[in-house]
Amino acid sequence: MTTRSMRMTAPDDTHPRPGPHAVEVRGLTKAYDGRTVVDDVTFTVEEGEIFAILGPNGAGKTTTVESIAGLRTPDAGRVRVCGQDPVAERGRVRDVLGVQLQESSFQDKLTAREIIDTFRGLYPDPLDTEQLLGQLGLDGVASTRYAKLSGGQQQRVSIAVALVGRPRVVILDELTTGLDPQARRETWGLVEDLRDSGVTVLLVTHFMEEAERLADRLALLDRGRLVAVDTPAGLVDGAGLEQQLRFSTTAQLDEDWIRRLPEVSGVNRVRDEFVVTGDERMLFSVVSLLAARDIVPGRLQVDQPTLDDAFVALAGRTLDDAQEVAR
């Protein structure tokens, strides 16, 4: 399936204008049966950005976005969507917020077109069904029953339902879970097109690669608490992580030559393979040293810190460990 370029029609000017933030969450707290699942979470989402809520299963991500959508009433704290309270002003928020939740599903016997038409009836000025089918690459399967659609096509139907009311803000919860790599990347392209068309995207995910690829900024949640809010690059930089350089050589190379470089914090050698750790200037310094000694490294590889590494540094455990605890 070919991804189409999505240029959504501008949101209806009769909708309430966003205030300083598209989404505002202040001190959000929610507990179930005496167990706190979201604990004093605060962040804001700016108009026109992709903002990811990232964390392991059980971190409180879905409860947070359900509170933003007005599906949960917080025990404490304040939530606003385009300046409106999603619980007290549910009708007005529905006009500016589109939602695709993790457990979204539709009647198996309805076609893609029928599903979109059904949801069009909920809004005063919805998008045209045929336009939406075309923008999302669903026009070729518009008459196909939902149960017969591929996983990627079903996700596109969910996106269509979230967009049909011309929202200013859209929540996409675990959008690519269960999709094959090609369908996942096609869906990423659709999310980027949404942002480029002016829609604010609140993306909920536990895929580090997805957040790193898509998010302008992200909030990292663990055990219901906010660990950090920053850009992906800022989060990695703020964790104080170092990069690694791997290479091999059979030439005579004293590892102390490398260790004495001020940019290097560590050297590990196993036979003819070296692993050098250091700051962002380390690569240039080590390569310059090798060149000065006429040593040509083999299998040279630079490992930059990732969001996974930042999660370990900030949360004190790996994401896999966090997923296992949540099960």
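Sequential numbering from 1 along the given sequence is applied to the chain's residues.
In this structure, the side chain of R145 engages the main chain of K109 through a donor-acceptor pair within 3.5 Å. Distance alone, capped at 3.5 Å, is enough to place a donor-acceptor pair between the S197 side chain and the L194 backbone. Remark: side-chain polar atoms of Q243 are paired, donor with acceptor, to backbone N or O of D279 under 3.5 angstrom. Panel note: side chain R259, backbone V267; a donor-acceptor pair is recorded below 3.5 Å. Proximity of a side-chain donor or acceptor of N268 to a complementary backbone N or O of V275 within less than 3.5 Å is not detected. Between the side chain of Q84 and the backbone N or O of V81 there is no donor-acceptor pair closer than 3.5 Å. Distance alone, capped at 3.5 Å, places no donor-acceptor pair between the R223 side chain and the V37 backbone.
For K61 and E66, the salt-bridge test fails: no basic side-chain N is under 4.0 Å from an acidic carboxylate O. In summary, E209 and R213 do not engage in a salt bridge, as defined by a charged side-chain N under 4.0 Å from a carboxylate O. Salt bridge annotation for R184-E186: absent, with no cationic side-chain nitrogen under 4.0 angstrom from a carboxylate oxygen. Between D125 and R166, at least one side-chain nitrogen of the basic residue sits less than 4.0 Å from a carboxylate oxygen of the acidic one, meeting the salt-bridge criterion. Note on D95 versus R92: no salt bridge recorded, every NZ/NE/NH1/NH2 to OD/OE distance being 4.0 Å or above. Salt bridge annotation for R35-D33: absent, with no cationic side-chain nitrogen under 4.0 angstrom from a carboxylate oxygen. Checked for salt-bridge contact, D85 and R80 meet the test: a charged N lies under 4.0 Å from a carboxylate O.
Relative ring orientation between F274 and F247 is described as parallel, the plane-to-plane angle staying below 30° on a 0-90° scale split at 30° and 60°.
A side-chain N or O of E263 and one of S285 form a donor-acceptor pair less than 3.5 Å apart. Judged by distance alone, the side chains of T306 and E212 never bring a donor and an acceptor atom under 3.5 Å apart. For the residue pair T200 / E49, no side-chain donor-acceptor distance below 3.5 Å is found, with atom types taken as modelled. A side-chain N or O of D117 and one of T129 form a donor-acceptor pair less than 3.5 Å apart.
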Q: Report the C-alpha distance between E273 and S248 in whole Å, list the side-chain angles of each, state the deciding distance to 0.1 Å, and finish with yes or no for side-chain hydrogen bond (donor to acceptor under 3.5 Å, both in side chains).
A: CA-CA 4 Å; E273 183 175 71; S248 63; over 6 Å; no

Q.
Applying salt bridge (Lys or Arg N to Asp or Glu O under 4.0 Å) to D230 and R217, what does each step give before you reach the verdict?
A. CA-CA 5 Å; D230 207 334; R217 292 188 305 128; over 6 Å; no

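Atom OG1 of T277 and atom CD1 of I258 lie 11.0 Å apart (nearest 0.5 Å).
Annotation: side chain of T231 is not in contact with side chain of D216 (no heavy-atom distance under 4.5 Å).
In the hydrophobic clustering of this structure, L241 does not group with V286; members are Ile, Leu, Val, Met, Phe, Trp, Tyr whose side-chain heavy atoms approach within less than 4.5 Å, directly or through other members.
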